[in-house]
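In what follows, a single structure is set out as structure tokens and then discussed.
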Protein chains: 2
Amino acid sequence: MDEPNKTDLDEETLFLVSQTFKALSDPTRIRILNLLFEREYSVNQIAEQLHLRQSTVSHQLRFLKNLRLVKFRREGTTIYYSHDDEHVLNVLHETIQHALHQ
Amino acid sequence: MDEPNKTDLDEETLFLVSQTFKALSDPTRIRILNLLFEREYSVNQIAEQLHLRQSTVSHQLRFLKNLRLVKFRREGTTIYYSHDDEHVLNVLHETIQHALHQ
DNA sequence: TGTGTATATGATTATGTGTTCATATATATC
DNA sequence: GATATATATGAACACATAATCATATACACA
């Protein structure tokens, strides 16, 4: 009962897993998430730090927000983004460390 | 000395990490790798089991082979594929389990 | 209400990706 | 060598994706 359908996966699981990894498959999104390991950042701070356009950052944050990989809080006109998924971000962190030390 | 450059990643690491996750971001590749958790399979066996064209499977296996996520052995004209990367495949397995039990 | 600043969004464009068909290559057997 | 079977490859196509520009929205404050 723990692992239904050993030889193939149902469509919902497949979609969820592929979407999760797709989020982590783009260099820009990886850089953003890696930056957020440290602390929360505003959209403009991310753009400055990583030398990206504001709209690029905003588009990617929307992507990550939709997948609930980041959350945000508002302070005046500034919006601060931070992490929001233990499992996925552990996976990313481990894989980055694995790559750094390979 | 363990984590150089806290706020941004070097290009090589970024490429390796993004490629790794790209491999896991396609439903067909996930299905193939998930199948190979069980045991080794030939190209045609994979195609039959997952209802995919032989050429589709072959193309995707080449992709996975280039990233050293699968290895193969020949037996006559048949080529059997199996897993070849502990870390990445653990990551995949964990994430599938996480999705299945969410 | 008007101005300034931060962020979000829509359209466009260039590039990347996955599947398919047709065919090539490789091995085994007659 | 000819044939059969298993796998690999190349080209073409449809579709997805990321970055960019221009502009819209949201909020703060005079």
Side-chain angles (χ1 to χ4, degrees), chain A residues 8-9 11 14-36 40-82 84, chain B residues 8-9 11 14-36 40-82 84:
Chain A
D8 204 2
L9 298 165
E11 215 163 311
L14 210 48
F15 182 74
L16 190 62
V17 173
S18 63
Q19 281 298 106
T20 299
F21 287 123
K22 191 160 289 170
L24 304 179
S25 73
D26 177 69
T28 300
R29 287 192 291 269
I30 295 175
R31 293 172 74 208
I32 292 174
L33 289 172
N34 182 63
L35 191 64
L36 296 182
E40 65 177 12
Y41 277 83
S42 74
V43 178
N44 272 341
Q45 286 175 335
I46 295 171
E48 281 166 33
Q49 194 73 220
L50 303 182
H51 305 289
L52 296 167
R53 310 275 172 157
Q54 179 269 320
S55 65
T56 298
V57 174
S58 197
H59 279 300
Q60 297 296 7
L61 284 173
R62 181 170 55 170
F63 186 111
L64 296 171
K65 197 168 57 181
N66 287 341
L67 276 164
R68 294 173 208 282
L69 297 184
V70 297
K71 59 177 188 282
F72 62 94
R73 68 178 183 88
R74 165 160 246 141
E75 201 172 293
T77 56
T78 303
I79 298 183
Y80 290 99
Y81 281 84
S82 56
D84 199 29
Chain B
D8 204 1
L9 298 165
E11 215 164 309
L14 209 48
F15 182 74
L16 190 62
V17 172
S18 63
Q19 281 298 106
T20 299
F21 287 123
K22 193 160 289 172
L24 305 178
S25 73
D26 177 68
T28 301
R29 287 192 291 270
I30 294 174
R31 292 172 73 207
I32 292 175
L33 290 171
N34 182 63
L35 191 63
L36 297 182
E40 64 176 14
Y41 277 82
S42 74
V43 178
N44 273 341
Q45 286 175 334
I46 295 171
E48 281 166 35
Q49 194 73 218
L50 303 182
H51 306 287
L52 296 167
R53 310 275 173 156
Q54 179 269 320
S55 66
T56 298
V57 175
S58 196
H59 278 300
Q60 297 296 8
L61 284 172
R62 181 170 54 169
F63 186 112
L64 296 171
K65 197 167 57 183
N66 286 341
L67 276 165
R68 294 174 208 283
L69 297 184
V70 298
K71 59 179 188 282
F72 63 94
R73 68 179 183 87
R74 166 160 245 140
E75 199 170 285
T77 56
T78 303
I79 297 182
Y80 290 99
Y81 281 84
S82 55
D84 199 29

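Heavy atoms only: backbone and side chains are in, while hydrogens, waters and symmetry mates are out. Chain A is the first sequence line, chain B the second, and so forth, proteins listed ahead of strands; every chain is numbered from 1. Values in this document were obtained by computation on a predicted structure and should not be read as measured data.
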So which protein N/O to nucleotides 28-30 of chain D N/O distances come out below 3.5 Å?
none

Strictly under 3.5 Å: I want the nitrogen or oxygen pairs between protein and nucleotides 9-14 of chain D, one per line.
{"from": "D/dG10", "atom 1": "O6", "to": "B/His59", "atom 2": "NE2", "distance (Å)": "2.9"}

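When every heavy atom of A/Leu16 is checked against every heavy atom of A/Thr20, the shortest pair comes out as O-OG1, 2.8 Å. Contact between A/Leu52 and A/Arg31 at its shortest, heavy atoms only, is CD2-NH1, 4.0 Å. Nearest approach of A/Ser18 to B/Ser25, heavy atoms of both residues: CB-O, 3.4 Å. When all heavy atoms are compared, the tightest approach of B/Leu69 to B/Ala23 is CD1-CB, 3.6 Å. For the residue pair A/Leu9 and B/Asn34, the shortest heavy atom distance occurs at CG-ND2, 3.4 Å.
Note on A/Arg53: a side-chain N or O is less than 4.0 Å away from OP1 or OP2 of D/dC21.
In this structure, the side chain to side chain contact (heavy atoms under 4.5 Å, CB included) partners of A/Gln49, at least two apart in sequence or on a different chain, are A/Leu35, A/Tyr41, B/Thr7. Checked against side-chain hydrogen bond (donor to acceptor under 3.5 Å, both in side chains), A/Glu40 has the following partners two or more places apart in sequence or in another chain: A/Arg73.
Ring geometry for B/Tyr81 against B/Phe72 counts as tilted: the plane angle lies between 30° and 60°, on a 0 to 90° scale.
Among the protein residues, B/Tyr81 comes within range of the sugar-phosphate backbone only, with heavy atoms under 4.0 Å from sugar or phosphate atoms but none that close to a base.
The shortest distance between side-chain heavy atoms of A/Leu33 and A/Leu24 falls below 4.5 Å. Taking the side chain as every heavy atom from C-beta outward, A/His51 and B/Asp8 never approach each other to under 4.5 Å.
A/Phe63 has its CZ atom 11 Å from the C1' atom of D/dA16, to the nearest Å. The interatomic distance linking A/Gln19 (CD) with D/dT17 (P) rounds to 7 Å, in whole Å. To the nearest angstrom, P of D/dT17 lies 11 Å from CG of A/Leu67. Atom pair A/Ile79:CD1 and D/dT25:P shows a separation of 16 Å (rounding to whole Å applied).
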Ignoring hydrogens and angles, write down the donor-acceptor pairs under 3.5 Å from the side chains of residues 58-68 of chain B, residues two or more places apart or on other chains.
{"from": "B/Gln60", "atom 1": "OE1", "to": "B/Arg29", "atom 2": "NH1", "distance (Å)": "2.9"}
{"from": "B/Asn66", "atom 1": "ND2", "to": "B/Arg62", "atom 2": "O", "distance (Å)": "3.4"}

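If A/Asp26 and A/Arg74 are placed on DNA chain D by their nearest nucleotide, the residue sitting closer to the 5' end is A/Asp26.
Heavy-atom contacts of chain B under 4.0 Å fall on DNA chain C between two terminal nucleotides, which in 5' to 3' order are C/dT17 to C/dA28.
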